Amino acid sequence: QVQLVESGGGLVQAGESLELSCVASGNLFSISAMGWDRQAPGKQREFVADISSGRPYRNYAEFVEGRFTITRDDALKTVYLQMNRLKPEDTGVYYCHIRGDVGPKYDFWGQGTQVTVSS
C-alpha cells in the first residue's frame with residue numbers, strides 16, 4: 001500500500017547540481033522522518049540525509065560537506081534533496097527513506113533513482 005516515488009536523478013558533470021524528490025503515499029500515519037540513502041556500484045548502502053517531521057531537525061552524512069540541502073513538505077508527504085557541487089563519488093542509486101517511530105513503526109525505501117556524475 002505504501003509507495004515512494006523518487007525522481008530527479010540523471011547524468012551531470014562534476015560541479016553541477018541535481019534536485020531529487022520523493023513523494024510518499026499510502027497508509028503512513030505519522031511520519032517521523034524522511035530522507036535519503038544511496039548505494040554506489042560495488043559498495044554498501046549508506047545514509048545521506050534525513051529531516052524530521054517536527055522542528056525540523058536535519059542530519060547529513062559527513063561526505064555531504066555542506067553541498068546538499070534536505071527539505072520537506074509534510075502536507076504533500078514529499079522530501080527533497082538539493083545536491084550542489086556534485087562529485088563523481090556521489091554517483092549511485094539514491095533511495096528515499098520514510099521512517100515512523102510513533103504509533104505504527106515502519107521503515108520504507110523506494111526503488112531508487114540513478115545519479116551519475118561524470119568527471
Side-chain angles (χ1 to χ4, degrees):
Q1 299 182 59
V2 174
Q3 187 174 20
L4 305 178
V5 180
E6 299 115 323
S7 62
L11 173 63
V12 296
Q13 296 287 130
E16 295 183 337
S17 299
L18 285 171
E19 185 182 60
L20 308 182
S21 299
C22 172
V23 181
S25 62
N27 56 341
L28 297 166
F29 297 97
S30 183
I31 298 172
S32 297
M34 305 177 70
W36 298 88
D37 300 333
R38 74 183 188 186
Q39 187 167 22
K43 299 182 67 177
Q44 290 187 321
R45 190 175 298 192
E46 61 186 349
F47 170 82
V48 177
D50 65 13
I51 181 168
S52 72
S53 298
R55 299 185 243 169
Y57 189 84
R58 296 172 173 87
N59 295 293
Y60 297 99
E62 184 174 308
F63 60 73
V64 167
E65 299 174 320
R67 299 175 297 129
F68 300 172
T69 302
I70 188 166
T71 56
R72 70 166 204 264
D73 188 323
D74 285 343
L76 299 178
K77 296 182 180 178
T78 301
V79 62
Y80 309 90
L81 185 67
Q82 177 66 47
M83 304 187 293
N84 301 318
R85 304 191 305 280
L86 283 162
K87 304 175 180 179
E89 301 86 80
D90 295 317
T91 294
V93 179
Y94 284 68
Y95 298 90
C96 181
H97 176 214
I98 308 295
R99 186 181 81 246
D101 296 327
V102 178
K105 305 296 191 294
Y106 54 83
D107 283 279
F108 296 105
W109 287 266
Q111 290 185 308
T113 184
Q114 177 71 43
V115 171
T116 303
V117 185
S118 62
S119 60

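Because the structure is a prediction, the values reported are computed rather than measured. Counting from 1, the numbers follow the sequence of the chain as shown.
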### Query
Side chains of Asn84 and Gln82: donor-acceptor distance under 3.5 Å anywhere?
yes
#### Entry: Side-chain donor or acceptor of Glu6 paired with backbone N/O of Thr113 under 3.5 Å
no
### Message
Using only atom types and a distance under 3.5 Å, with no angle test, would you say the side chain of Ser30 pairs donor to acceptor with the backbone of Gly103?
### Response
no
Does the side chain of [Y] come within less than 4.5 Å of [X]'s, by heavy atoms?
X: Tyr106; Y: Val2; answer: no
X: Arg85; Y: Glu65; answer: no
X: Cys96; Y: Trp36; answer: yes
X: Arg67; Y: Asp90; answer: yes
X: Ile31; Y: Arg72; answer: no
X: Arg58; Y: Ile51; answer: yes
X: Phe63; Y: Val48; answer: yes
X: Gln39; Y: Asp37; answer: no

Kindly compute the distance separating [atom1] ([X]) from [atom2] ([Y]), expressed to the nearest 0.5 Å.
X: Gln3; Y: Lys77; atom1: CD; atom2: NZ; result: 12.5 Å
X: Asp73; Y: Tyr80; atom1: CG; atom2: OH; result: 5.5 Å
X: Glu46; Y: Glu62; atom1: CD; atom2: CD; result: 11.0 Å
X: Thr91; Y: Leu11; atom1: OG1; atom2: CG; result: 8.5 Å

If hydrophobic clusters are built from ILVMFWY residues whose side chains come within less than 4.5 Å, do [X] and [Y] share one?
X: Phe68; Y: Val117; value: yes
X: Phe108; Y: Tyr94; value: yes
X: Val79; Y: Val64; value: yes

### Task
Step by step, work out the side-chain contact (heavy atoms from CB on, under 4.5 Å) result for Arg38 and Val115.
CA-CA 9 Å; Arg38 74 183 188 186; Val115 171; over 6 Å; no
### Query
How would you list, by chain and number, every residue that makes a side-chain contact (heavy atoms from CB on, under 4.5 Å) with Ala49, sequence neighbours excluded?
Tyr60, Ile70, Leu81
List the atom pairs, donor and acceptor, that lie under 3.5 Å between side-chain atoms in residues 19-29 and the rest of the protein, sequence neighbours left out.
none

### Task
Kindly check if the number of other-residue, nucleotide or ligand heavy atoms within 6.0 Å of NZ (Lys105) is above 12?
yes
### Task
Check the surroundings of atom CD in Gln111: do more than 12 heavy atoms from other residues, nucleotides or ligands lie under 6.0 Å from it?
no
